[in-house]
Amino acid sequence: MNLHNADITVSAVKKTQYPKTDMPEFAFVGRSNVGKSSMINKLLNRKSLARVSSTPGKTITINFYNIDDTIFLVDLPGYGYAKRSKGDVESWGNMIDDYLYNRQQLRKVMLLVDSRHKPSNDDFMMLDWIRAAQPDEGVIVIATKTDKLNKRELEENMEMLYSELKLGEDDILVPFSTKDDEGKATVWDMIELMRA
């Protein structure tokens, strides 16, 4: 798979706009500003293919990134942003719900959480959503921004996340940093295994 051959195919607001291919899709979801766009750029060795914003709640579309006509990486809209209207939150919920439960091409949803903080109520709710949508598989949780912690803090916080999220032996918790390559190879290895 040639990572240089990557582009954004569509920013969809409804399912009629989703790509009409059979290519497997791997989706990333997490609260606003958790680092989904930064992680996608890191995975693809790009600076700005996925638009990164310092303003939370910027991604309100489902963004499909075509990787070498082989797979799609899918950036789902961030949740938990307080300044969204009730209507926005409801439409977000409907869009995510429909994508998670009905998208045939979806192979795996990976939940991103901030390694520096305890999971939010929205994180717990999203984890339950993922478990309900993919009940026969373990969950994959990616702990972002690990470079902002020292070694001892990182060890403690990874244990805390594992415990708080009630992860089990079939679940995977991946530390990830966009500052170095921590977690990058692990995420690609998991995608390679699941796309077969």
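Model, not experiment: these values are computed from the prediction. Values reported hereafter were calculated over all heavy atoms of this structure, with side chains retained and with hydrogens, waters and symmetry mates removed.
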Give me each pair satisfying ring-ring contact (aromatic ring centres under 6.0 Å, His included) with a member in residues 158-192, each pair once, sequence neighbours excluded.
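Residue pairs with at least one partner in residues 158-192: there are none.
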With sequence neighbours left out, write down each residue that passes side chain to side chain donor-acceptor pair (under 3.5 Å) with [X], or none if nothing qualifies.
X    : value
S120 : D123
E182 : T146
R46  : none
D114 : R116

Once salt bridge (charged side-chain N to carboxylate O under 4.0 Å, His left out) is applied, what residue pairs with a partner in [range] remain, sequence neighbours excluded?
range            : value
residues 155-167 : K118-E164, K151-E155, R152-E156
residues 172-181 : K42-D181
residues 98-111  : K15-D98, E25-R103, K108-E137
residues 186-196 : E192-R195

What pairs with D68 under salt bridge (Lys or Arg N to Asp or Glu O under 4.0 Å), at least two apart in sequence or on another chain?
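With sequence neighbours excluded, D68 shows a salt bridge (Lys or Arg N to Asp or Glu O under 4.0 Å) to no residue whatsoever.
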Roughly how far, to the nearest 0.5 Å, is the [atom2] atom of [Y] from the [atom1] atom of [X]?
X    : Y    : atom1 : atom2 : answer
L44  : N5   : CG    : CG    : 11.0 Å
L165 : M160 : CG    : CE    : 8.5 Å
T178 : I40  : OG1   : CD1   : 12.5 Å
Y79  : I96  : OH    : CD1   : 10.0 Å
L49  : N41  : CG    : CG    : 6.0 Å

What's the shortest heavy-atom distance between [X] and [Y], and which atoms?
X    : Y    : result
P77  : M95  : CG-CE, 3.7 Å
I140 : M194 : CD1-CE, 3.9 Å
I67  : A6   : CD1-CB, 3.9 Å
A133 : Y101 : CA-CE2, 3.6 Å
L173 : A143 : CD1-CB, 4.3 Å
I172 : M190 : CD1-SD, 3.8 Å

Atom CG of residue position N102 - does it have more than 12 heavy atoms of other residues, nucleotides or ligands inside 6.0 Å?
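Count over threshold, so yes.
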Please check if the number of heavy atoms outside N2 that lie under 6.0 Å from its CG is greater than 12.
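Count over threshold, so yes.
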Using modelled atom types only, decide if a donor and an acceptor are shared between the side chain of K20 and the backbone of T16 within a distance under 3.5 Å.
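Such a contact is found between K20 side chain and T16 backbone.
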Looking at side-chain heavy atoms only, is the closest gap between [X] and [Y] below 4.5 Å?
X    : Y    : value
S115 : T144 : no
L73  : M110 : no
D122 : R31  : no
L43  : Y65  : no

side-chain contact (heavy atoms from CB on, under 4.5 Å) between V109 and W129, intermediate numbers included:
CA-CA 10 Å; V109 183; W129 220 339; over 6 Å; no
For Y99, give me all partners under ring pair (Phe, Tyr, Trp, His ring centres under 6.0 Å), at least two apart in sequence or on another chain.
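Ring pair (Phe, Tyr, Trp, His ring centres under 6.0 Å) check on Y99 returns Y18.
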Using only heavy-atom distances, determine whether the side chains of S37 and D75 contain a donor-acceptor pair under 3.5 Å.
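Yes, a side-chain donor-acceptor pair sits under 3.5 Å.
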Would you please say whether a donor-acceptor pair under 3.5 Å links the side chains of N45 and K184?
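On atom types as modelled, these side chains qualify, holding a pair under 3.5 Å.
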Check the pair I71 / I191 against side-chain contact (heavy atoms from CB on, under 4.5 Å), numbers first and verdict last.
CA-CA 9 Å; I71 63 166; I191 289 172; 3.8 Å; yes
When hydrophobic residues are tied together by side-chain contacts of less than 4.5 Å, even through go-betweens, does [X] share a cluster with [Y]?
X    : Y    : value
V13  : L106 : no
V29  : F124 : yes
M125 : L167 : no

Determine whether L100 and M126 satisfy the following criterion, side-chain contact (heavy atoms from CB on, under 4.5 Å), listing intermediate values before the conclusion.
CA-CA 11 Å; L100 286 184; M126 194 69 236; 3.6 Å; yes
Any residue meeting side chain to side chain contact (heavy atoms under 4.5 Å, CB included) with N66, in chain and number order, not counting sequence neighbours:
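Per chain and number, N66 pairs via side chain to side chain contact (heavy atoms under 4.5 Å, CB included) with D7, T9, M23, D69, F72.
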Could you walk me through whether V141 and L161 satisfy the side-chain contact (heavy atoms from CB on, under 4.5 Å) test, starting with their C-alpha distance in whole Å, then the side-chain angles of each, then the deciding distance to 0.1 Å, before giving a yes or no?
CA-CA 9 Å; V141 178; L161 287 170; over 6 Å; no
